[in-house]
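In what follows, a structure is listed as structure tokens, so that the remarks can point back to it.
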Amino acid sequence: MCVQAPLEERLDDADAAVVGRVVAERHGELNGLPQLFLTVEVEQRVKGDVERTLEVRSPSGTDCDVDVPRDDPVGLLLTSAPDGVWLATACSVVNPGQLVVEGGEPRGGPIKVAIGAVILAAVLLWALRRMRKGSRPKLPGAPEP
């Protein structure tokens with residue numbers, strides 16, 4: 001049974017979160033327990049430092065199996081195993097659109113900062129130049145110097 005927590009809390013608890021597509025799967029074993037190894041092509045990284053292609057390990061033959069259609073977009077909340085492998089269960093599967101909305105970073109942040117810095121520099125240069133000249137604009141109704 002999955003925890004019925006809001007997606008925001010589940011995302012905070014995850015080591016990584018991605019939107020991707022399962023492109024391959026293979027069955028294997030780990031310590032005698034059946035496992036499913038999924039190859040996921042990452043379309044969007046939502047949280048964590050992940051590669052473009054991930055191998056995700058999931059239990060097999062249990063109620064916690066990850067059951068997602070191949071080549072369809074899927075949101076995954078991942079946990080990092082001590083050996084560095086990404087882990088997922090049925091509870092790790094989330095709606096990709098909701099995941100992007102909840103955890104997506106605003107785009108264009110560095111560009112907006114750079115444009116703001118250029119505008120600020122231009123205004124400051126203009127103001128300094130006006131101060132050096134000592135000239136004031138001729139405004140209607142302003143007292144004469």
Side-chain angles (χ1 to χ4, degrees), residues 1-139 142:
M1 172 164 272
C2 297
V3 175
Q4 295 301 319
L7 180 56
E8 180 182 7
E9 287 178 28
R10 295 174 58 207
L11 180 59
D12 287 344
D13 292 341
D15 295 323
V18 298
V19 172
R21 296 174 187 271
V22 175
V23 295
E25 58 184 59
R26 66 180 172 82
H27 292 276
E29 283 190 3
L30 180 68
N31 298 328
L33 299 172
Q35 301 287 306
L36 179 62
F37 295 89
L38 303 170
T39 303
V40 178
E41 292 289 329
V42 176
E43 293 178 357
Q44 183 168 352
R45 178 183 61 102
V46 177
K47 178 183 178 183
D49 187 22
V50 297
E51 302 292 324
R52 296 292 291 157
T53 302
L54 303 176
E55 182 170 86
V56 177
R57 188 171 69 209
S58 170
S60 181
T62 70
D63 291 342
C64 295
D65 293 9
V66 172
D67 184 25
V68 294
R70 249 195 182 165
D71 297 321
D72 284 350
V74 62
L76 292 171
L77 302 173
L78 303 171
T79 302
S80 180
D83 61 358
V85 174
W86 293 109
L87 305 175
T89 65
C91 298
S92 303
V93 178
V94 296
N95 179 291
Q98 289 176 339
L99 181 59
V100 169
V101 168
E102 188 64 45
E105 297 175 7
R107 296 181 187 251
I111 292 171
K112 291 175 186 174
V113 170
I115 290 172
V118 168
I119 292 171
L120 177 62
V123 169
L124 289 174
L125 287 173
W126 176 80
L128 289 173
R129 197 167 133 212
R130 302 270 311 167
M131 282 177 56
R132 282 193 196 135
K133 283 185 176 180
S135 63
R136 302 181 91 189
K138 302 252 186 226
L139 300 174

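Values below: every heavy atom of this structure, side chains too, minus hydrogens, waters and symmetry copies.
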- Message: Does any part of the side chain of Leu76, heavy atoms only, come nearer than 4.5 Å to the side chain of Leu54, both counted from C-beta?
- Response: no
- Value rounded to 0.5 Å, distance of OG1 in Thr89 from CZ in Arg57: 13.0 Å
- The reported gap from CG in Asp83 to CG in Leu30 (rounded to nearest 0.5 angstrom) is 7.5 Å
- Message: Taking atom CD as the centre, does Glu41 end up with more than 12 heavy-atom neighbours from other residues, nucleotides or ligands that are less than 6.0 angstrom away?
- Response: yes
- Task: Of all the heavy-atom pairs spanning Glu55 and Phe37, show the shortest one and how long it is.
- Result: OE1-CD2, 3.8 Å
- Query: Do Val56 and Val66 pass the side-chain contact (heavy atoms from CB on, under 4.5 Å) test, and can you show the C-alpha distance, the side-chain angles, and the key distance before you say yes or no?
  - Reply: CA-CA 10 Å; Val56 177; Val66 172; 6.0 Å; no
- What distance separates Leu87 CG from Ser80 OG, expressed to the nearest 0.5 Å? 7.5 Å
- Task: Measure across Pro96 and Pro73 and return the closest heavy-atom pair with its distance rounded to 0.1 Å.
- Result: CG-O, 3.8 Å
- Message: Are Leu77 and Leu7 packed together at the side-chain level, in the sense that at least one heavy-atom pair is separated by less than 4.5 angstrom?
- Response: yes
- Task: Please check if atom CG in Asp49 has more than 12 non-hydrogen atoms from other residues, nucleotides or ligands closer than 6.0 Å.
- Result: no
- Mind running side-chain contact (heavy atoms from CB on, under 4.5 Å) on Arg10 and Val94 for me, showing each step along the way? CA-CA 10 Å; Arg10 295 174 58 207; Val94 296; 3.7 Å; yes
- Chi angles and distances behind the side-chain contact (heavy atoms from CB on, under 4.5 Å) call for His27, Leu36: CA-CA 5 Å; His27 292 276; Leu36 179 62; 3.6 Å; yes
- Message: Between Gln35 and Ser60, do the side chains contain a donor N or O and an acceptor N or O under 3.5 Å apart?
- Response: no
May I have the list of side-chain donor-acceptor pairs in residues 16-24 shorter than 3.5 Å, sequence neighbours left out?
residue	atom	partner	partner atom	Å
Arg21	NE	Glu43	OE2	2.2
Arg21	NH1	Asp71	O	2.4

- Is the shortest heavy-atom distance from the side chain of Trp86 to the side chain of Val40 under 4.5 Å? no
- Task: Please answer whether the main-chain N or O of Leu78 pairs with a side-chain N or O of Lys47 as donor and acceptor at a distance below 3.5 Å.
- Result: no
